[in-house]
Amino acid sequence: MRAELLAVLVPCLLLAVTSGQEVPCENGDVRLRGGQSKLEGRVEVCLDRRWGTVCDDGWGISDATVVCRQLGYSRFNATSYTGAHFGEGDGPILLTRVGCTGSESNLLAECDTVQTTNCTHSQDAGVQCRPLICGDGDIRLVEGESKLEGRVELCLNEEWNTVCDRGGEQSERIASVACGQQGYSRINVTQSRIPGTTGPVVSLNCPRRAVFGLIGCRFRPATCPHTQDLGVHCSPRICEDGDIRLVQGQSELEGHVEVCQSEQWGTVCDHGWSTSDAVVTCRQLGFSPMNATATVGSTFGMGTGLIHLTDMLCTGSESKLIDCPHSIDTSDCDLSNNAGVVCQEVTSPTPSSVTLFTSPTPSSERSKANCGAVGGGLGAAIVLLVILLLVLTVVLVCLVFKLKHKKFNATKEEAVPSKDVNKNRYEEHQPVYAMPTTGLGGPLPNVTPVHIYKTLEPPEYDKVG
């Protein structure tokens with residue numbers, strides 16, 4: 001019990017000791033202190049893993065802009081403050097004569113600074129930032145009847161822009177990219193015009209090759225009226241690249257294999273199809289990889305659509321079929337070559353063989369959780385620790401006393417002989433004189449023989465004080 005309490009209370013005590021210490025920081029970090037919101041305050045920067053203030057010598061809007069950008073706020077309309085506007089700091093003054101141009105992303109790493117200063121905390125610099133409206137490249141669909149549709153708006157320079165609908169193939173590409181960027185299908189996209197009211201309009205030119213987002217397209221200001229604002233209607237994604245499924249089987253455990261490529265399902269050619277490929281397929285589908293069976297020759301039917309993969313060369317250890325070496329040249333395959341599998345269900349272990357595992361918890365989290373369980377707070381932990389120390393002290397004193405008492409008794413037993421020893425010692429005797437029982441005239445009347453004994457001298461150990 002005492003060991004369990006120590007295991008819980010020691011981390012709590014360590015937390016108590018370290019809770020009042022300054023949180024370590026990384027060189028170049030910035031933070032705001034003393035403001036009424038997270039958007040404003042005295043600027044503090046981390047140098048040599050310690051926080052310190054910035055002197056307001058030369059402090060201006062360009063410097064404030066960099067601080068706001070670094071903190072994830074808008075780089076526009078930042079306000080700089082001097083003269084400890086948000087209160088005086090109490091740490092070191094680390095920087096002075098900061099010289100930013102306004103385009104930098106890190107105050108310490110990219111702006112000109114001086115790290116020696118004669119400033120006082122009455123000159124601490126401060127800033128006030130504005131919330132970030134949007135990040136460059138973000139898009140949104142607005143004024144649609146569902147989340148799948150709406151007017152396309154693209155964020156440039158932290159400002160929402162509508163997109164000019166110029167029609168034709170270019171508008172189709174823009175609509176496809178916009179839906180894909182929103183997490184919807186890039187196919188089965190329709191365009192429409194959903195007029196906006198205010199704000200800038202941008203003209204986009206997206207390449208034929210696939211791009212992740214509209215920020216990958218070339219753009220320029222447009223003179224289109226808002227009546228030509230591009231709108232889209234997206235569709236849910238059909239499948240994710242690399243997904244697989246079994247079709248035309250008599251149960252979910254069997255069928256010919258189809259894989260998703262570019263949001264389209266297609267079959268797998270049986271050239272080179274083997275048990276190792278079936279093992280990977282069953283594992284990816286969540287079935288047992290044991291006793292997986294590979295089938296060839298369209299065992300489960302001809303199938304329809306595209307043939308995506310062929311010449312699969314799985315080792316059996318892969319987690320996804322698409323991770324196996326393969327070929328996409330399916331020119332010598334047809335739908336009579338569909339590869340298939342028969343999987344087995346995952347068998348549940350018997351109750352006697354079940355072993356429960358819990359995910360490891362970081363030691364710091366365990367310490368915090370244990371502290372809460374012991375007393376609901378630091379005060380309870382300290383009280384318990386004091387009580388435990390007192391109990392341990394009493395136990396220790398008792399053990400010491402018991403050991404000393406035992407040692408004393410052992411010494412006494414060695415020093416003082418037992419009663420049997422004394423008896424034997426005093427029974428040792430030597431007759432000195434024996435009175436005669438007869439006289440010259442015969443036996444003496446009424447005379448009891450008397451023996452005189454000489455007691456031996458006690459041994460030296462009796463003289464021990």
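Atoms considered below: every heavy atom in the structure, side chains included; atoms not considered: hydrogens, waters and symmetry mates. Each residue takes its place number in the sequence, starting with 1. Being a predicted model, the structure only gives us computed values, none of them experimental.
Side chains of Ser336 and Asp334: a donor on one and an acceptor on the other come within 3.5 Å. For the 3.5 Å distance criterion, the side chains of Ser288 and Glu345 fail to qualify, holding no donor opposite an acceptor. Asp241 and Gln261 share no donor-acceptor pair across their side chains, judged by distance under 3.5 Å alone.
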Legend entry - side chain to side chain contact (heavy atoms under 4.5 Å, CB included) between Trp265 and His308, intermediate numbers included: CA-CA 8 Å; Trp265 289 108; His308 283 325; 5.8 Å; no
Legend entry - Stepwise side chain to side chain contact (heavy atoms under 4.5 Å, CB included) test for Leu321 and Val257: CA-CA 10 Å; Leu321 190 66; Val257 181; 4.1 Å; yes
Inset, instruction - Begin from the C-alpha positions of Ile187 and Ile238 and carry the test side chain to side chain contact (heavy atoms under 4.5 Å, CB included) through to its verdict. - result: CA-CA 9 Å; Ile187 58 179; Ile238 298 173; 3.7 Å; yes
Inset, instruction - List the steps, then state whether side chain to side chain contact (heavy atoms under 4.5 Å, CB included) holds for Ile244 with Leu285. - result: CA-CA 7 Å; Ile244 60 173; Leu285 290 170; 3.7 Å; yes
Legend entry - Worked verdict on Arg186 versus Glu263 for salt bridge (Lys or Arg N to Asp or Glu O under 4.0 Å): CA-CA 8 Å; Arg186 287 176 176 262; Glu263 292 189 59; 5.5 Å; no
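A distance of 14.0 Å separates CD1 of Ile194 from NE2 of His226, quoted to the nearest 0.5 Å. Here CD of Gln248 is found 10.0 Å from OG1 of Thr267. Values are rounded to the nearest 0.5 Å. Rounded to the nearest 0.5 Å, atoms CD1 (Ile174) and CZ (Phe219) are 12.5 Å apart. Cys100 SG to Asn106 CG: the interatomic distance, rounded to the nearest 0.5 Å, is 9.0 Å. Atom CZ of Arg140 and atom CG of Asp138 lie 10.0 Å apart (nearest 0.5 Å). Distance check: His256 NE2 to Leu246 CG gives 9.0 Å after rounding to the nearest 0.5 Å.
Every salt bridge (charged side-chain N to carboxylate O under 4.0 Å, His left out) that Arg245 has, sequence neighbours left out, goes to Glu258. For Ser317, the side chain to side chain donor-acceptor pair (under 3.5 Å) test picks out Thr315, with sequence neighbours left out. Evaluation of the salt bridge (charged side-chain N to carboxylate O under 4.0 Å, His left out) rule for Glu169 yields Arg173, Arg208 as partners, not counting sequence neighbours. Partners of Glu44 by salt bridge (charged side-chain N to carboxylate O under 4.0 Å, His left out), not counting sequence neighbours, listed by chain and number: Arg31, Arg42. Contacts of Asn291 classified as side-chain contact (heavy atoms from CB on, under 4.5 Å), with partners at least two apart in sequence or in another chain: Gln344. For Asp165, the side chain to side chain donor-acceptor pair (under 3.5 Å) partners two or more places apart in sequence, or in a different chain, are Ser171, Arg193. Looking at residues two or more places apart in sequence or on another chain, you find a side chain to side chain donor-acceptor pair (under 3.5 Å) between Glu149 and His233. Applying the side-chain contact (heavy atoms from CB on, under 4.5 Å) test to Asn77 and every residue at least two apart in sequence or in another chain returns Arg130. Legend: residues meeting side chain to side chain donor-acceptor pair (under 3.5 Å) with Asp112, ordered by chain and number and at least two apart, are absent.
Of all non-hydrogen atoms in Thr310 and His271, the two that sit nearest each other are OG1-CB, 3.6 Å. When all heavy atoms of Ser185 and Cys179 are compared, the closest pair comes out as O-CB, 3.3 Å. Contact record, Gly28 with Leu108: N-CD2, 3.5 Å, taken as the closest heavy-atom pair. The shortest heavy-atom contact between Thr227 and Pro195 is CA-CB, 4.1 Å. The shortest non-hydrogen separation linking Cys324 to Met312 is CB-CE, 3.9 Å. Contact detail for Asp29 and Trp51: the closest heavy-atom pair is O-CZ3, 3.5 Å.
Here the options are Cys234, Ser176, Ser235, the test is side chain to side chain contact (heavy atoms under 4.5 Å, CB included), and the partner is Tyr184; only Cys234 passes.
Val163 is not listed as a side-chain neighbour of Val201, based on a closest heavy-atom distance of 4.5 Å or more. For the pair Trp273/Asn338, no side-chain contact is recorded, criterion being any heavy-atom separation below 4.5 Å from C-beta on. Using a 4.5 Å cut-off on side-chain heavy atoms (C-beta onward), Gln128 and Leu39 make no contact. Looking at heavy atoms from C-beta onward, Val152 lies in side-chain contact with Leu214 at the 4.5 angstrom threshold. Residues Phe300 and Val342 have side chains in contact (heavy-atom distance under 4.5 Å, counting atoms from C-beta outward). Annotation: side chain of Val66 is not in contact with side chain of Ser105 (no heavy-atom distance under 4.5 Å). Side-chain contact between Thr53 and Val43 is absent, with no heavy-atom pair separated by less than 4.5 Å. Within the 4.5 Å cutoff, no side-chain heavy atoms of Asn337 are placed close to those of Val296.
No salt bridge links Glu318 with Lys320; every basic N to acidic carboxylate O contact stays at or beyond 4.0 Å.
A donor-acceptor pair under 3.5 Å is formed between the side chain of Asp277 and the backbone N or O of Cys314. Side chain of Gln170 to backbone of Gly167: no donor-acceptor contact under 3.5 angstrom is found. For the pair Thr293 (side chain) and Cys343 (backbone), a donor-acceptor distance under 3.5 Å is absent. Under a 3.5 Å cut-off, the side chain of Thr393 and the backbone N or O of Leu389 do form a donor-acceptor pair.
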Side-chain donor-acceptor contacts of residues 154-162 below 3.5 Å, not counting sequence neighbours, with atom names and distances?
{"from": "Asn157", "atom 1": "OD1", "to": "Arg75", "atom 2": "NH2", "distance (Å)": "3.3"}
{"from": "Glu158", "atom 1": "OE1", "to": "Ser74", "atom 2": "OG", "distance (Å)": "2.7"}
{"from": "Glu158", "atom 1": "OE2", "to": "Arg75", "atom 2": "N", "distance (Å)": "3.2"}
{"from": "Glu158", "atom 1": "OE2", "to": "Arg75", "atom 2": "NH1", "distance (Å)": "3.3"}
{"from": "Asn161", "atom 1": "ND2", "to": "Leu154", "atom 2": "O", "distance (Å)": "3.4"}
{"from": "Asn161", "atom 1": "ND2", "to": "Glu159", "atom 2": "O", "distance (Å)": "2.8"}
{"from": "Thr162", "atom 1": "OG1", "to": "Asp229", "atom 2": "OD1", "distance (Å)": "2.9"}

Solution key, residues 87-99 side-chain donor-acceptor pairs under 3.5 Å, sequence neighbours excluded:
none

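More than 12 heavy atoms of other shown residues, nucleotides or ligands fall within 6.0 angstrom of atom CG in Asp332. Within a 6.0 Å radius of CG in Leu396, more than 12 heavy atoms belonging to other residues, nucleotides or ligands are found. Residue Ile61 places its CD1 atom among 12 or fewer non-hydrogen atoms of other residues, nucleotides or ligands, all under 6.0 Å distant.
Annotation: ring pair (Phe, Tyr, Trp, His ring centres under 6.0 Å) contacts involving residues 86-106, sequence neighbours excluded, comprise Tyr81-Phe86.
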